[in-house]
4 protein chains.
Amino acid sequence: MPLPRSGPVRSEAARQAILQATADLLAERGYDALTIEGIAARAQVGKQTIYRWWPSKGAVIAECLLEGKILPGRLLVPDTGDIRHDLSQWLTTVFALLGEDQGETLLRSLVAAAAENADTGRRLRDSLTGSGSVAGRLRSAIGTAPNLTTDTPVDELAEALSGAVILRALSREPLREPDLVRLLDAVLGR
Amino acid sequence: MPLPRSGPVRSEAARQAILQATADLLAERGYDALTIEGIAARAQVGKQTIYRWWPSKGAVIAECLLEGKILPGRLLVPDTGDIRHDLSQWLTTVFALLGEDQGETLLRSLVAAAAENADTGRRLRDSLTGSGSVAGRLRSAIGTAPNLTTDTPVDELAEALSGAVILRALSREPLREPDLVRLLDAVLGR
Amino acid sequence: MPLPRSGPVRSEAARQAILQATADLLAERGYDALTIEGIAARAQVGKQTIYRWWPSKGAVIAECLLEGKILPGRLLVPDTGDIRHDLSQWLTTVFALLGEDQGETLLRSLVAAAAENADTGRRLRDSLTGSGSVAGRLRSAIGTAPNLTTDTPVDELAEALSGAVILRALSREPLREPDLVRLLDAVLGR
Amino acid sequence: MPLPRSGPVRSEAARQAILQATADLLAERGYDALTIEGIAARAQVGKQTIYRWWPSKGAVIAECLLEGKILPGRLLVPDTGDIRHDLSQWLTTVFALLGEDQGETLLRSLVAAAAENADTGRRLRDSLTGSGSVAGRLRSAIGTAPNLTTDTPVDELAEALSGAVILRALSREPLREPDLVRLLDAVLGR
DNA sequence: AATTAATCGAGACGGTACGTCTGGTCTTTGT
DNA sequence: ACAAAGACCAGACGTACCGTCTCGATTAATT
């Protein structure tokens, strides 16, 4: 039984303002330029209100990720029935996002955040390979492609695909059309 | 004992001391606790001596990587002729290293450094997938496994494998024996 | 005619707890370490209960002074008939109080409070020179000493004596026996 | 033999800027509105440069006092040969200063600073009663007034006079002409 | 009795300043 | 010329309090 408490409750408005400010600044300036003071100023919020509810800026980012404030719905893998086409589409989308001014920064910022904060790491992985994303799409495609049978390790497949994307982002090498095809060949077979 | 100095040429002793101190501190405390001041203090070196030769701490890490001060030789993929066994061995080694006290921190630190510094990113990719490592071993194995033919995209394969490792490290999920097998299944086929 | 009012009246228990907590903390930690939050916590009282009734911490201190919660009765000047002896006694008592662990802090805290709060300043002056204290004793001694005639400016005399005490306290110089005699000589003549 | 040291020496320009900014802000806004951040901003100086050389804002004020940045020369007691007239003049000047917009604040600010910082307390006392001021003037007047003989305790006399001034300032009561005469009567005799 | 309104303890809120730490630059002294 | 040492300006860190506001419970006087 929770202790009966009086007094004001947590302000949802402040919470939203903080998450939004964090997402915006992360996209605009990148992870290492992201400061608690900056978030507080942008969100019109006292610093203590951030420290009261989150232990670190990594934790704030993790919650942004959870709330979908950072990686939007366009990361969902489409489902046209043709798994190769769908993944190709997804990869194109992801790298188009990376190609944008802010997108370039964004994924690397997330990786940096994930490297420093365990929770962010787990959530980033979920966002990329989770049921609503690559792994889910692969699972639904079992049987539609010769290499995708019931005993195909789809989770690991998704992991490998997403990991390749991250490695590309870290090495700053663009993923061009032919590379994309080869990557799918490598992971799905030909 | 102070470093011996030898007039107006660049001091190799200072350079080595800086690289070693950086590598040590990175392994001991992690990327975000790594400071230029800390490096200078540990290396018994003036801060300016670091700023004179490197533009950022990311660049110092990149050079550490290049000099092999960080990722040691044990990351080389063994070559017994059995590519599946060799890669399994390599993955085991990498994750054993991650399991260690300092290793846990190390890869993530490298990823964090890579996320913030382009040069480090490229070098990290080279270290993992470069000719001396996974990609090279895969290339040399062409023909020895049914899925590895001359037109297999080995670079992308290596990328996917290494990427999966990074994603595991970021999500703090251990890579156990069965996962490992499934990952190889996913990438090499069965 | 008073405005018709409903609801509970001011809690005397809360008021007393606040004044007592203030006096205690002032003696224990000194003026600059005295905070409204500290008082509220010590008195088991909500902050608003303080802000509802007092405009500032200076005002709380002033009321403590008025209620005798801070400067106790031992500051009363004794009356043995011998004015010189009585004042000497009083000065000794005051400086003995300063010598104590908490007393050292106390007078300076009062001075600090007086410097920031007009009301406290006036009350401090009244406590030291007011009718129940030095000025009163001097007035009652008119005629018993050659320098104390009906046209002696006793208020100013009391002010000078008390002021000297404050200045000594501010300069952290102890008032030893010979100094004490000289001070009385200076003020009362010889 | 002092340790041989390399590196830059303390910047006198920064020191002067800090002292001047402190004195200005103290006169303009008063003691409790005086902040280290405010001083640093006004002096165009990093906060650390203040903390490197002074332990507290009280210590900065004490050094301002020592350098004459706060209490200017007009506090010197004039010397016309007539001690009563000179002291009357001095008291008038001091209270005129208190009557000014900034002066009102200044003495109380000094008292507040003195209450919190031992060094400031000692220096304030020296400024008021020291050899260059009231005590010195009294000493030089020995023999020119009936009450001022060689065995008059001039230091205590000066202390009583200055203390009375401080007490007046704390109680916010103006020192008018008749009070002034009575005060001198009380201290110098009639 | 039911209603009304002010009080109470508690504590979240937007802020300011604290004292510390680090970044990157610049200056001094020594080799 | 280069290296060490370290002072400089700048600004973020995480903490402590400020004074205001909000909450639910309690408590009198007014209906």
Side-chain angles (χ1 to χ4, degrees), chain A residues 3-11 13-15 17 33-41 43-53 55-57, chain B residues 2-11 13-14 33-38 40-41 43-53 55-57, chain C residues 4-11 13-14 17 33-41 43-53 55-57, chain D residues 3-11 13-15 17 33-41 43-53 55-57:
Chain A
L3 280 174
R5 231 193 46 86
S6 64
V9 292
R10 178 172 184 180
S11 157
R15 185 174 155 273
L34 183 71
T35 65
I36 298 276
E37 298 217 324
I39 297 171
Q44 298 252 74
V45 143
K47 278 201 287 178
Q48 200 57 46
T49 302
I50 301 180
Y51 284 112
R52 185 160 22 236
W53 303 109
S56 65
K57 72 177 176 179
Chain B
L3 285 172
R5 276 183 300 101
S6 51
V9 280
R10 177 170 184 182
S11 159
L34 183 72
T35 65
I36 297 278
E37 301 217 322
Q44 297 256 71
V45 142
K47 278 200 290 178
Q48 193 63 324
T49 304
I50 301 180
Y51 284 111
R52 196 173 356 251
W53 303 108
S56 66
K57 73 176 177 179
Chain C
R5 239 193 43 101
S6 63
V9 292
R10 178 172 186 181
S11 157
L34 184 71
T35 66
I36 298 279
E37 298 217 324
I39 296 170
Q44 295 256 73
V45 143
K47 279 200 288 178
Q48 195 61 269
T49 303
I50 301 180
Y51 284 112
R52 197 174 355 251
W53 305 109
S56 66
K57 72 176 177 180
Chain D
L3 281 174
R5 235 192 46 92
S6 65
V9 291
R10 178 172 185 178
S11 157
R15 183 174 157 275
L34 183 71
T35 67
I36 297 279
E37 299 217 324
I39 297 171
Q44 296 255 73
V45 142
K47 279 199 288 177
Q48 199 57 46
T49 303
I50 300 180
Y51 284 112
R52 191 169 8 250
W53 302 110
S56 65
K57 71 176 179 179

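By convention in this document, chain letters (A, B, ...) are assigned in the order of the sequence lines, proteins followed by strands, and residues within each chain are numbered from 1.
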Whole angstroms only, please: what is the CD-P distance between D:Gln44 and F:dA7? 21 Å
Contacts of A:Thr49 meeting side chain to side chain contact (heavy atoms under 4.5 Å, CB included) (sequence neighbours excluded), chain-then-number -> A:Ala14, A:Ile18, A:Val45, A:Arg52, A:Trp53
So which one's nearest nucleotide on DNA chain E is more toward 5', D:Pro55 or B:Tyr51? D:Pro55
Nearest-Å distance, CD1 (D:Ile50) to C1' (E:dA17)? 13 Å
Side chain B:Lys47 and base F:dG6 donor-acceptor under 3.5 Å: no
Any B:Thr49 side-chain nitrogen or oxygen under 4.0 Å from OP1 or OP2 of F:dA4: yes
Report the residue (A:Glu37 or A:Ala14) whose heavy-atom-nearest nucleotide on DNA chain E is the more 5′ of the two. A:Ala14
Nucleotide N/O of nucleotides 23-26 of chain F paired with protein N/O under 3.5 Å:
unit_1: F:dC23; atom_1: O2; unit_2: A:Gly7; atom_2: N; d: 2.7

Euclidean distance, D:Lys47 NZ relative to D:Glu37 CD, rounded to 0.5 Å: 4.0 Å
When the distance from CZ of D:Arg15 to P of F:dC8 is rounded to whole Å, what number comes out? 12 Å
Checking C:Lys57 side chain against C:Leu34 main chain: does a donor-acceptor pair fall under 3.5 Å? yes
D:Gly46 or C:Thr35: which one's nearest nucleotide on DNA chain F is closer to the 5' end? D:Gly46
A:Arg52 side-chain N/O to E:dC13 phosphate OP1/OP2 under 4.0 Å: yes
In whole angstroms, how far is the C1' atom of E:dG19 from the NZ atom of D:Lys57? 13 Å
Tightest non-hydrogen contact, residues D:Gly46 and D:Ala40, listed as C-CB, 4.4 Å
Distance check: side-chain N/O of D:Trp53 vs OP1/OP2 of F:dC8, anything under 4.0 Å? yes
Side chain to side chain donor-acceptor pair (under 3.5 Å) with D:Gln44: which residues, sequence neighbours excluded? none
Rounded to the Å, how far apart are D:Arg10 CZ and F:dA5 C1'? 18 Å
Over how many whole Å does the gap from D:Ile36 atom CD1 to F:dA10 atom P extend? 16 Å
Spacing of D:Leu34 atom CG relative to E:dA17 atom P, expressed in whole Å: 11 Å
Compare side-chain N and O positions of D:Ser11 against OP1 and OP2 of F:dA7 and report whether any pair is under 4.0 Å apart. no
Nearest heavy-atom neighbours spanning D:Ala43 and D:Ala17: CB-O, 3.5 Å
Heavy-atom donor-acceptor pair, D:Gln48 side-chain to E:dC21 base, under 3.5 Å: yes
